[in-house]
Amino acid sequence: MLDIQLLRNDLSAVGARLASRGFDLDTAEFARLEAERKTLQTHTQALQAKRNASSKQIGIAKSKGEDTDALMAEIADLGAELTAAEGALTVLQASLNVLLMGIPNLPHASVPAGRSEEDNVEISRVGTPRLFDFPVKDHVDVGEKLGLDFETASKIAGARFSLLRGGLARLHRALAQFMLDTHTAAHDYTEVYVPYLVNAESMRGTGQLPKFEEDLFHVPRAEMERLYLIPTAEVPLTNMVRDQIVAREQLPLRFVAHTPCFRAEAGAYGRDTRGMIRQHQFDKVELVQLVEPKDSYAVLEQLTGHAEAILQALELPYRKMLLCTRDMGFSAAKTYDLEVWLPAQQTYREISSCSNFEAFQTRRMQARFRAENGKPELLHSVNGSGLAVGRTLVAILENHQQADGAVAIPEALRPYMGGVAALKPVTGA
RNA sequence: GGAGAGAUGGCCGAGUGGUCGAAGGUACUCCCCUGCUAAGGGAGCGUAGGGUUUAUAGCCUUACCGAGGGUUCGAAUCCCUCUCUCUCCGCCA
């Protein structure tokens, strides 16, 4: 959510910055609602002040045993007028709020203007794609021989689910463990175990609601508020500080969690249908930092580096992309995507997305810290995948495949694999 | 699933219809006193808005005592619904 003061004070500039990311803010409508709000709110509050003063007088009179009929008569008609004014104000503020909640974040000045992902800017390229002296297979063909089974998954659940057996299941687990250990030991994050189902308030806090409900799975409960399956651990991790004022000495807060993520992929029919690139359920290790505003852009660089460290340790070639204005997510002010090399597709595919949200999320959830002057101030939130586990598995299968169908295990991962140096094809797997 | 208790400011805790945004304590900030490891005195000290304003200063004002509704001229206080916490019983990974 943007600061409404910014819209009031500098509406046309905000409109222009939003236009750069393809959002058309109806500035006339906002100005109209805002003008109406001002009139109505002033009026309502004047009526409330009058009622409060009169009621106080009645109280004083009664305590002295004086007659209060005259005072009562004075405000006899006030009630209806006040109810009407309050009702109208509530309705108006609700529509202003709907408008406000639907406005995406403003892009940071360093974000390149662009129309699509074509206009994203490559910042760096790390590692060299391997040259293969045999025909390269994609992860589905490599995985098939090692325990990757979509047929059984679709029988059990449906399309866009996967099932891993044996060494491959262990590799998946090893990746998550390795990432968690690296981020806690080397990067100083606190490991957190979180709920996978969250309430609507949490989804509003990080920006999934109200606008993107169709992307989420939910669980209805009789007589109770529905719960939503988390699409990323960003939701529970960031909401830890919702409605809190954190002491400045505790900053920065650094959290890491390994969770499954659930996405309806409602808008993705027909896209990435082969393999485990785009699934309804996938695991991810998520990094979240809550920091002072002055630090958030430095932290974005740092946190992106934490994700990169995993790719480097796993010997996976990747590039770092700065997303252009129109390719960024709704809540982000600036985003780097890390894209891993997939040799079968001869292309780089997203494996991590690291963003600075500034106060966009924390304003919604009233997550604050006490500044040096003693005043509460909104935190900035920064998060990123470190990394998506499923896609990392895909990248390892493709990049480290051998001519005989085996897959080499990167050195860093071997302690988590019981010392195994390679996964070998299993007949009947 | 059954029975009961509760939710008040950073924390503890008083307050069952009226000058209560809320006693008292504690923490914190400033000042004074004292002087040696701790104490005494005084003052200040919630949050989010709105209006005015060059102003995140001041002044005026509204809302907030778990959330939402209701009764009333007036609600922390009375009524209803919900959420959460605790205790006991049952069940259970």
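We name chains A, B, ... by the order of the sequence lines, and we start the count at 1 in each one.
Closest to the A:Q5 side chain, of the nucleotides B:rC73, B:rG49, B:rA48, is B:rG49. Nearest nucleotide to the side chain of A:S63, out of B:rU47, B:rU19, B:rU61: B:rU19. The side chain of A:Q45 lies closest to B:rU61, out of B:rU61, B:rA48, B:rU52. Of all nucleotides listed (B:rU19, B:rC73, B:rA63), B:rC73 comes nearest to the side chain of A:I75. Which of B:rU62, B:rG49, B:rU47 sits closest to the side chain of A:Q41 comes down to B:rG49. Taking only side-chain atoms of A:Q48, from C-beta outward, the nucleotide of B:rG51, B:rU62, B:rG21 with the closest atom is B:rU62.
Within the shown strands, nothing qualifies as a pairing partner of B:rG21 under the Watson-Crick or G-U definition with both distances less than 3.5 Å. B:rC78 is paired with B:rG70 under the Watson-Crick or G-U wobble criterion, all donor-acceptor distances under 3.5 Å. Applying the Watson-Crick and G-U wobble criteria (two distances, each under 3.5 Å), B:rU37 pairs with nothing in any strand. Remark: B:rU85 base-pairs with B:rA5; criterion is Watson-Crick or G-U wobble with both hydrogen-bond distances under 3.5 Å. B:rU56 makes up no base pair with any nucleotide shown, lacking Watson-Crick or G-U wobble contacts both under 3.5 Å. Shown here, B:rU47 forms a base pair with B:rA63; the pair counts as Watson-Crick or G-U wobble because both key distances fall under 3.5 Å.
Rounded to whole Å, the C1' atom of B:rU47 lies 14 Å from the corresponding atom of B:rA22. Distance noted for atom C1' between B:rC65 and B:rG9: 9 Å (whole Å). Taking atom C1' on both nucleotides, B:rA67 is separated from B:rG90 by 30 Å, rounded to a whole Å. A gap of 49 Å separates the C1' atoms of B:rG35 and B:rG49, to the nearest Å. Spacing between B:rC92 and B:rG13 at atom C1', rounded to whole Å, works out to 38 Å. Nucleotides B:rG74 and B:rG18 have their P atoms positioned 15 Å apart, rounded to a whole Å. Annotation: B:rG21 and B:rA63 have their C1' atoms spaced 11 Å apart (nearest Å). With P as the reference atom, B:rA43 and B:rA38 are 26 Å apart, rounded to whole Å.
Here the C1' atom of nucleotide B:rG9 and the CD atom of A:Q244 are 16 Å apart, to the nearest Å. In this structure, A:E249 atom CD and B:rG10 atom P are separated by 16 Å, rounded to whole Å. Between the P atom of B:rG49 and the CD atom of A:E34 lies a distance of 13 Å, rounded to the nearest Å. Atom C1' of nucleotide B:rU19 and atom CD of A:Q57 are separated by 9 Å, given to the nearest angstrom. Separating the CG atom of A:D77 from the P atom of B:rC73 is a distance of 12 Å, rounded to the nearest angstrom. Between the P atom of B:rC45 and the CD1 atom of A:I245 lies a distance of 17 Å, rounded to the nearest Å. If you measure from atom CG of A:D243 to atom P of B:rC84, you get 16 Å, rounded to the nearest angstrom. Distance, A:Q366 CD to B:rG66 C1': 17 Å, rounded to whole Å.
A donor-acceptor contact under 3.5 angstrom links the side chains of A:E86 and A:Q48, judged on distance only. Inspection of the A:Q279 and A:S162 side chains reveals an N or O donor paired with an N or O acceptor under 3.5 Å. A donor-acceptor pair shorter than 3.5 Å cannot be found between the side chains of A:S331 and A:Q361.
Heavy-atom neighbours of A:D24 CG from other residues, nucleotides or ligands within 6.0 Å: at or below the threshold of 12. Within a 6.0 Å radius of NZ in A:K50, other residues, nucleotides and ligands contribute 12 heavy atoms or fewer.
The nearest heavy atom of RNA chain B to A:A53 and to A:K38 marks one nucleotide each, and the one closer to the 5' end goes with A:K38. Between A:K50 and A:I4, it is A:I4 whose nearest contact on RNA chain B lies nearer the 5' terminus.
Within the 4.0 Å cut-off from OP1 or OP2 of B:rA48, not a single side-chain nitrogen or oxygen of A:R363 is found. Side-chain nitrogen and oxygen atoms of A:R51 include none within less than 4.0 Å of the OP1 or OP2 phosphate oxygen of B:rU72. In this structure, A:N52 does not reach the B:rG74 phosphate: none of its side-chain N or O atoms is under 4.0 Å from OP1 or OP2.
Using a 4.0 Å heavy-atom distance criterion, A:K62 is classed as a base contact.
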Original post:
Step by step, would you call A:K334 with A:S355 a side-chain hydrogen bond (donor to acceptor under 3.5 Å, both in side chains)?
Top reply: CA-CA 6 Å; A:K334 181 174 184 175; A:S355 304; over 6 Å; no
**OP:** Begin from the C-alpha positions of A:E265 and A:R263 and carry the test salt bridge (Lys or Arg N to Asp or Glu O under 4.0 Å) through to its verdict.
**Re:** CA-CA 5 Å; A:E265 295 296 348; A:R263 298 189 183 177; 5.2 Å; no
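Near-neighbour residues of RNA chain B inside residues 190-208 of chain A, defined by a heavy atom below 4.0 Å, are absent.
Under a 3.5 Å cut-off, the side chain of A:N383 and the backbone N or O of A:N356 do not form any donor-acceptor pair.
Taking the six-membered ring for Trp and the full ring otherwise, the centers of A:Y189 and A:H306 sit less than 6.0 Å from each other.
Using a 4.0 Å cut-off between a side-chain N of Lys or Arg and a carboxylate O of Asp or Glu, A:R254 and A:D188 qualify as a salt bridge.
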